[in-house]
Structures are given as structure tokens and as C-alpha cells.
Amino acid sequence: MSPAPLRRRLATSLSIFTLAALTACGSGPGTTGTTEAAPDPSGPAPSAAADRVVEATNGKVTVPGDVERIVSISYATGALLDLGVLPVGTSAIDENNPMELLPSQVETARKIESIGSGIEVNIEKVASLDPDLIIVEGATAFDWGVKKLEGVAPTLYFGIKTPVDLLDAQRKIATAVGKDAEFAKLKADYEAGAARIKSTYADRLSTLKWSIASSYGGGEFLVDTRTSWVGRILADAGATFSAASAEDKEHEVTYSDEKISVLADADVILVPRTAATGEVPQETRDLTEKPAWKLLKAAKNGKVLPVTYATADRYGTSIDVLNQVETILKGL
């Protein structure tokens, strides 16, 4: 897969404190009034949480068991917020770098200390936050400075090449921060939602053909397939795909604008809108204004519909996309 579309889409060691054992002076020759401390009747004190070994793109990383201060970079922030974990530092959250956060998470994320925007990570700022874990989740097309970050604290780097990598990363992040149960609930909620939609709207899902399209200009447009971020959610919900989106060798395919007719059989075309602005990007709007686009069945029937979270990077955004799909189905 060419890294260009993905690049555009994806915009200290833990200090281990040793508790000093309390020792009492034992009775011995010539000593008086000293006895050994009686054992605690409630039993031994609970031991510290065990370290965890997590396999990431940068290898097997030992994560301290009692992680408290986490710096999250790029998509890792949303993954942590889904799990109820608040990082002490994160990539800047702004219009140019929304990182697909849910509306309920945006203001919280903006209050977290910024460690730089995008791939411009300020290593000194990261170090000043005294993290005991750093988590980076982002496209492999970028240089995230992982080696430098590893010099500050244990660092988990999850390089993203395909959509499924994002879900796998959230699972491993949950293990790293001791939130396996929270992850399991998110996953179960998503699967239950997909199953309910698949059952409730079976007739519409089986008779209508779906596709996802967008553009970055330059005389080209993208068609997302059933293995794309939104495509896999539609597939889980039981959707039938148009011919262009039915293939599964790549998660997105680039066409020249002269090939708009590849979407001719689509009954519904979803076009991504930006989470930060709630608007479909201008380049995609320009695509939908082309004469050939207006001849498409979906366009003529008013079934070119926006969907937020084109990069549904984790279960939080995936559940949101499911809800949007259900709203669309109700109106079909």
C-alpha cells in the first residue's frame, strides 16, 4: 500500500520505590525491653502489581506494574480515554490534529499538557513530565522519534499500517495499563451493537449496496473497501457492498476522477466528515459536484451521506460509527 493516503489520513523507566522493611531489635544477651514486632494478624501486605511484557512494533517492552504517569502520542490518547485513563501529557489537540476524539473527550484532552503537535514531539517536555510510560500510536509512514523517547521512559510504539492494527493496539494498550476488563466491555458493547443492527435491519442491509468515498484533490479520489475503518464496521453490521468496495486486498483504492463510474452500483455512499469541524472536507465536496458524480444512482437518490470518524481507530469511535449507521438505516 502506498503510504501517501494513509499519511494524509492519520494526521523513565518507572522509579521503583523500595519500601524499607521495618526491623525490630531482637532480644539478646545484655539487652532489655526489646521484642520482635508481632506479625500483622490480617496477613502480609499486598505486593505491588507485577510488571507486564507487551509486544509492540518496537519489540517486547516491559511495562511497570503500577503505571501512573503516561504520556500518549497521537491516536494513543483516544485509546486511553476510552479506557478511563487520563494521560499527563499528549499531542496537541486542535483543528489540524483532532486525533478522532469523541465529542465528550475533546475538552478533557485539551486540558492535558501538550508535548507537541503531530510528529513534532518535544522530548524535553516529555521528560519534564516524569512519565513512567510513553505510548505512541501512529502511521508507520512517520518518524515518531521512538529511540529518543525510549531514553526517557519505557515506550510502547504501535505502528499503524492497516485498520485492524488500530484495534489490536488498543487491546495491547489496555493490557499495558491494567484495563483489560474495560477493554473487554468496549469490545462486547461494540459486538452487541453490530449484532442488533444486523438483525433489526437485515432487509435493508441485504438489498442496498454500500460504499465509502473521499478525495484529497489532485484529480483522484479514494474508495474504501470492506476492510477499511468504516468498511469493517459496515461488514460487522451485515452490510452488502458495491463492487468497488467489496474487494478486500487493500483497505482503500485510488482512482482518477475519470473513474467515478466505479461507484455506479452503490445505493448508499458514505463520505467522511472531519470530527473537529463536523464538515465534509472541501476536496470531497468538490468531488461530489462533478457532473459524473451527479449521475450516480446514490447521488440522484440523495443517498450520499456524511459519516464522522473515517479513521474509526478504536472501539469508542467504532461504536459511534455504528450509531451513525443505525440512524442512516432508519431513514432509508
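What you see is a predicted model, and the numbers here were worked out from it, not measured in a lab. Numbers for residues simply follow the sequence, beginning at 1.
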Student: Are the side chain of T284 and the backbone N or O of S215 linked by a donor-acceptor pair below 3.5 Å?
Tutor: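 Confirmed, T284 side chain pairs with S215 backbone.
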
Student: Hydrophobic cluster membership, with links at side-chain heavy-atom distances under 4.5 Å among I/L/V/M/F/W/Y: are I212 and L208 in one?
Tutor: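 In one cluster: yes.
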
Student: Flag the pair V230 / P272 as yes when at least one side-chain heavy-atom distance between them is below 4.5 Å, and no otherwise.
Tutor: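 No, side chains not in contact.
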
Student: I need the S318 OG to D189 CG distance, nearest 0.5 Å.
Tutor: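 Going from OG on S318 over to CG on D189, the span is 12.0 Å.
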
Student: To the closest 0.5 Å, what do you measure between CD (E252) and OG1 (T254)?
Tutor: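 It is 6.5 Å, given to the nearest 0.5 Å.
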
Student: Below 4.5 Å, heavy atoms only, C-beta onward: do N301 and D267 meet side chain to side chain?
Tutor: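 No, every pair of side-chain atoms sits at 4.5 Å or beyond.
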
Student: Which atom pairs, donor and acceptor, lie under 3.5 Å between side-chain atoms of residues 163-173 and protein residues at least two apart or in another chain?
Tutor:
unit_1 : atom_1 : unit_2 : atom_2 : d
D165   : OD1    : T162   : OG1    : 3.4
D165   : OD2    : K161   : N      : 3.0
D165   : OD2    : T162   : N      : 2.9
D165   : OD2    : T162   : OG1    : 3.3
D168   : OD1    : R171   : NE     : 3.2
D168   : OD1    : R171   : NH2    : 2.6
Q170   : OE1    : Y315   : N      : 3.0
Q170   : NE2    : A79    : O      : 3.4
Q170   : NE2    : D82    : OD2    : 3.2
K172   : NZ     : E55    : O      : 3.0

Student: Measure the CG-OG distance between L263 and S245 for me, rounded to the nearest 0.5 Å.
Tutor: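 So the CG of L263 and the OG of S245 are separated by 7.0 Å.
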
Student: Taking all heavy atoms of Y190 and all of R232, pick out the closest pair and write down the distance.
Tutor: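 Looking at all heavy atoms of both residues, the closest pair is OH-NH1, 3.8 Å.
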
Student: So, S211 side chain and D224 main chain: donor-acceptor pair closer than 3.5 Å or not?
Tutor: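 No: the side chain of S211 does not pair with the backbone of D224.
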
Student: Run D286 and K290 through salt bridge (Lys or Arg N to Asp or Glu O under 4.0 Å) and show every step you take.
Tutor: CA-CA 7 Å; D286 290 343; K290 293 184 179 296; over 6 Å; no

Student: If hydrophobic clusters are built from ILVMFWY residues whose side chains come within less than 4.5 Å, do L305 and L205 share one?
Tutor: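 Same hydrophobic cluster.
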
Student: Are Y201 and K330 close enough that some pair of their side-chain heavy atoms sits under 4.5 Å apart?
Tutor: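 Contact flag for Y201/K330 side chains = yes.
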
Student: Is a donor on one side and an acceptor on the other found under 3.5 Å between the side chain of T311 and the backbone of D313?
Tutor: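 No, the answer is negative, given that no donor and acceptor are paired below the 3.5 Å cut-off.
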
Student: Looking at T57 and G159, what are the two nearest heavy atoms and their distance?
Tutor: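 Scanning both residues completely, I find the closest heavy atoms to be OG1-N, 2.7 Å.
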
Student: If I take atom OG from residue S91 and atom CD1 from residue I93, how far apart are they, to the nearest 0.5 angstrom?
Tutor: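 It is 7.0 Å, given to the nearest 0.5 Å.
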
Student: Please check this pair: side chain of D132 against backbone of E68, looking for a donor-acceptor N/O pair closer than 3.5 Å.
Tutor: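 Judged by distance alone, yes, a pair lies under 3.5 Å.
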
Student: Do L149 and I123 pass the side-chain contact (heavy atoms from CB on, under 4.5 Å) test, and can you show the C-alpha distance, the side-chain angles, and the key distance before you say yes or no?
Tutor: CA-CA 7 Å; L149 293 169; I123 300 296; 3.6 Å; yes

Student: Are any non-hydrogen side-chain atoms of V152 and V71 less than 4.5 angstrom apart?
Tutor: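 Contact flag for V152/V71 side chains = no.
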
Student: Check whether any side-chain heavy atom of E150 sits under 4.5 Å from a side-chain heavy atom of K147, and report yes or no.
Tutor: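 Yes, their side chains come closer than 4.5 Å.
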
Student: Can you check salt bridge (Lys or Arg N to Asp or Glu O under 4.0 Å) on E107 and R110, steps first, answer last?
Tutor: CA-CA 5 Å; E107 287 309 311; R110 282 183 176 147; 2.8 Å; yes

Student: Applying the 4.5 Å side-chain criterion to the ILVMFWY set and letting contacts propagate, would Y157 and V121 be lumped into a single cluster?
Tutor: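 As far as the 4.5 Å side-chain criterion goes, V121 and Y157 are connected within one cluster.
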
Student: Could you check whether atom NZ of K297 has more than 12 heavy atoms from other residues, nucleotides or ligands sitting under 6.0 Å from it?
Tutor: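 Yes, enclosed.
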
Student: Hey, is the main chain of L102 close enough, under 3.5 Å, to the side chain of Q105 for a donor-acceptor pair?
Tutor: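 Yes, Q105 side chain to L102 backbone: donor-acceptor pair under 3.5 Å.
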
Student: May I ask you to decide if I197's main-chain N or O and T200's side chain share a donor-acceptor pair within less than 3.5 Å?
Tutor: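 Checked: no pair found.
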
Student: Are Y309 and V268 in one and the same hydrophobic cluster, where Ile, Leu, Val, Met, Phe, Trp and Tyr link if side-chain heavy atoms are under 4.5 Å apart?
Tutor: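 Shared cluster, yes.
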
Student: For the side chain of N58 and the backbone of T155, is there at least one donor-acceptor N/O pair under 3.5 Å apart?
Tutor: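 Side chain of N58 to backbone of T155, a donor-acceptor pair under 3.5 Å: yes, one is there.
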
Student: Does a side-chain heavy-atom distance below 4.5 Å link S74 with W144?
Tutor: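 Sidechains of W144 and S74: in contact.
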
Student: Can a donor-acceptor pair be found, under 3.5 Å and without considering hydrogens, that links the side chain of R204 to the backbone of L329?
Tutor: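 Here the side-chain-to-backbone pair exists.
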
Student: Going by side chain to side chain donor-acceptor pair (under 3.5 Å), name the residues that satisfy it together with K148, two or more places apart in sequence or in a different chain.
Tutor: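 So K148 forms no side chain to side chain donor-acceptor pair (under 3.5 Å) with any residue.
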
Student: Begin with the C-alpha distance, continue with both residues' side-chain angles, and end with the deciding distance and a verdict on side-chain contact (heavy atoms from CB on, under 4.5 Å) for I112 and L86.
Tutor: CA-CA 8 Å; I112 302 171; L86 187 66; 3.8 Å; yes

Student: Look at R314 together with E100 and state whether they make a salt bridge at an N to O cut-off of under 4.0 Å.
Tutor: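 Salt bridge flag = no for E100 with R314.
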
Student: Heavy-atom distance under 4.5 Å between the side chains of V63 and T175, does that happen here?
Tutor: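 Contact flag for V63/T175 side chains = no.
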
Student: Would W229 and H251 count as a side-chain contact (heavy atoms from CB on, under 4.5 Å) if you check the C-alpha gap in whole Å, the side-chain angles of each, and the deciding distance to 0.1 Å?
Tutor: CA-CA 8 Å; W229 289 275; H251 68 270; 3.6 Å; yes

Student: Check whether any side-chain heavy atom of I160 sits under 4.5 Å from a side-chain heavy atom of F142, and report yes or no.
Tutor: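 No, their side chains stay 4.5 Å or more apart.
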
Student: If Ile, Leu, Val, Met, Phe, Trp and Tyr residues are connected whenever their side-chain heavy atoms lie under 4.5 Å apart, and connections chain through other members, are W293 and V280 in the same group?
Tutor: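 As far as the 4.5 Å side-chain criterion goes, V280 and W293 are connected within one cluster.
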
Student: Hey, what do you get for CD1 (I269) to CH2 (W210), rounding to the nearest 0.5 Å?
Tutor: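 If we round to the nearest 0.5 Å, I269:CD1 and W210:CH2 are 11.5 Å apart.
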
Student: Nearest heavy-atom pair of P87 and L81: which atoms, and what distance?
Tutor: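 So the minimum-distance heavy-atom pair works out to CD-CD2, 4.2 Å.
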
Student: Quick check: does any side chain N or O of S228 sit under 3.5 Å from a backbone N or O of G231, one acting as donor and the other as acceptor?
Tutor: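 Judged by distance alone, yes, a pair lies under 3.5 Å.
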
Student: Where the side chain of R69 meets the backbone of L129, is there a donor-acceptor pair that is under 3.5 Å apart?
Tutor: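 Yes; judged by distance alone, with no hydrogens or angles, the pair exists.
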
Student: Heavy atoms only: give me the nearest D143-G145 pair and the separation to one decimal.
Tutor: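 For D143 and G145, the tightest heavy-atom pair comes out as OD1-N, 3.0 Å.
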
Student: Can you check side-chain contact (heavy atoms from CB on, under 4.5 Å) on L270 and L234, steps first, answer last?
Tutor: CA-CA 11 Å; L270 301 181; L234 288 171; 4.1 Å; yes

Student: Taking the basic N atoms (NZ, or NE/NH1/NH2) and the acidic carboxylate oxygens, is any pair closer than 4.0 Å for E289 and R285?
Tutor: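 Salt bridge: no.
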
Student: Can you name the one residue among I134, T90, I119 that meets side-chain contact (heavy atoms from CB on, under 4.5 Å) with I73?
Tutor: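 When I134, T90, I119 are each tested with I73, the side-chain contact (heavy atoms from CB on, under 4.5 Å) holds only for I134.
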
Student: Taking all non-hydrogen atoms of both residues into account, name the closest pair between I260 and L287 and its distance.
Tutor: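 That would be CD1-CD1, 3.9 Å.
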
Student: Mind checking what makes salt bridge (Lys or Arg N to Asp or Glu O under 4.0 Å) contact with K198, not counting sequence neighbours?
Tutor: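 Scan of K198 (salt bridge (Lys or Arg N to Asp or Glu O under 4.0 Å), adjacent residues dropped) gives none.
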
Student: Closest approach of A244 and Y255, non-hydrogen atoms and distance?
Tutor: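 Smallest interatomic distance, heavy atoms only, reads CB-OH, 4.2 Å.
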
